[in-house]
Amino acid sequence: MKKIIIKGGAKLHGSINISGSKNACLPILAATLLIEEKVTLHNVPLVRDILTMVSLLESLGKSIKIKKNILEIKSQKKKNFFAKYDLVKTMRAGILVIGPLLAKLNKAKVSLPGGCAIGARPVDIHLDFLSKKGYQNKIINGYVVSKKKKLRKQLSYLFKKISVGATETAILNSCLSNSEVRLKNIAIEPEVFDLINFLISAGANIKSTSKRTLLIKGVNNLQGTEYNIMPDRIEAGTYMIASIITKSKIILNNIFPDHIKNIIKVLKNGGIKFKFISDSSLKIFPNKPKPLKIKTVPYPGFPTDMQAQLMSLLTLTKGSSEITEDIFENRFLHVLELQRMGATIEIQNNKAKITGVESLSGAEVMATDLRASVCLVLAGLVAKGETVINRIYHLERGYENLVGKLKKCGAKIKIIDA
């Protein structure tokens, strides 16, 4: 088992290049199941979840070459509709192959997904859409088993709850069919629109008719395409917090300003200053932060994927802060570990009340999910003494070379095999 060891107190300097977005790349990879011709993807983050998805696609009939951060994806003659548990158990995104498998093969058998222990994140919304579309779905021995029944030529579907994954499943299933589908109350995260832009580049007919409504007119086939994955806005937000918590001026490169304005807005309310020094570069000026009261909500609100990182900062912010988690019910698992480091945090249902302390102390802690992992790294950067973080495989699922990037900027951080 690998561990991260951090000696806190080092100032950061220089610049960090933001990698491609894992959460954008995963559904785009699933979308390649719809395309027989070659697809080339650039700016792919080589993290564990992406490599797991690559293995899954290969098991379903794709041939994939990896050259640095470029993926070349081709189709093999033999196709498979069975997504095994062993290939899906470590990531939630495995369920995204069900939509394209049904669109191409009219049947699918996909393991119920695994991933972070941050709440139920059920597949019921995915299956509700597929059922309304005309597929029969059963859950048998931990697998979703679906097949074509009688597909509807026209469907207007209203999501009962905003869901990124279910929105992506509906898009992936609808763009290659003899039907017209209108999706209402969709998720509008940038990652969803990166998927849409990728599909349009391959010939899909998808139009946004209002803020949360899409009209998809099915086409007979999609063509090969070459596409750049968007930068990871959550990685950018994470390094913003790293800059602020260590009181260091650093520059972030390869960003899309529109994608991170919701994070910047919250941090500006906390007294932090930013300057865009180009269309894709941001400099952070880490003033002493003020306490904040925020609530996680679907985009364009403050993202749940930044909640843990912000909490690490607020533990050292003078005064009382409050975070309400409105997306996932189990996303305060990192609180116990921050308390081990000296943080003062009280949990009441879905609300965390944080009273700032003068300093944190290094301790041996355990990562419980992807964002909790990086929250503990951020806390360790400023804690007095040494912090040891266990179960870092969560971190490796979603951050490309985080230790290397921080080390290059002056952090005293390393990975060891224990």
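Residue numbers start at 1 and run along the sequence shown.
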*Asks:* Should R371 and D305 count as an ion pair when the cut-off is N to O under 4.0 Å?
*Replies:* yes
*Asks:* Using a 3.5 Å distance criterion without hydrogens, assess whether the side chain of E37 forms a donor-acceptor pair with backbone atoms of G224.
*Replies:* yes
*Asks:* Looking at L158, L183, T167, I186, which one forms a side chain to side chain contact (heavy atoms under 4.5 Å, CB included) with R212?
*Replies:* I186
*Asks:* Can you name the closest pair of heavy atoms from I50 and P45 and give their distance?
*Replies:* CG1-O, 3.2 Å
*Asks:* Under 4.0 Å between a Lys/Arg side-chain N and an Asp/Glu carboxylate O for K77 and E36?
*Replies:* no
*Asks:* Is a salt bridge present between E400 and R48, judged by a nitrogen-to-oxygen distance below 4.0 Å?
*Replies:* no
*Asks:* Could you go through K148 and K107, starting from their C-alpha distance and side-chain angles, then the distance that decides it, and tell me whether this counts as side chain to side chain contact (heavy atoms under 4.5 Å, CB included)?
*Replies:* CA-CA 6 Å; K148 175 183 174 181; K107 57 184 177 180; over 6 Å; no
*Asks:* Report yes if the side chains of M230 and N197 come closer than 4.5 Å at any heavy-atom pair, otherwise no.
*Replies:* no
*Asks:* Give a yes or no on this: more than 12 heavy atoms of other residues, nucleotides or ligands lie within 6.0 Å of atom NZ of K265.
*Replies:* no
*Asks:* Between K353 and Q348, is there a side-chain heavy-atom distance shorter than 4.5 Å?
*Replies:* yes
*Asks:* What I want to find out is whether D128 reaches K133 closely enough, with some N-O distance under 4.0 Å, to be called a salt bridge.
*Replies:* no
*Asks:* Is any side-chain N of the basic residue among E322 and K351 closer than 4.0 Å to the acidic one's carboxylate O?
*Replies:* yes
*Asks:* Could you tell me whether the side chain of T213 reaches within less than 4.5 Å of the side chain of S208, counting heavy atoms only?
*Replies:* no
*Asks:* Which word best sums up how the rings of Y227 and F198 line up, parallel for under 30°, tilted for 30 to 60°, or perpendicular for over 60°?
*Replies:* perpendicular
*Asks:* Side chain to side chain contact (heavy atoms under 4.5 Å, CB included), that's the test. Do C25 and M53 meet it? Break it down for me.
*Replies:* CA-CA 10 Å; C25 192; M53 181 62 91; over 6 Å; no
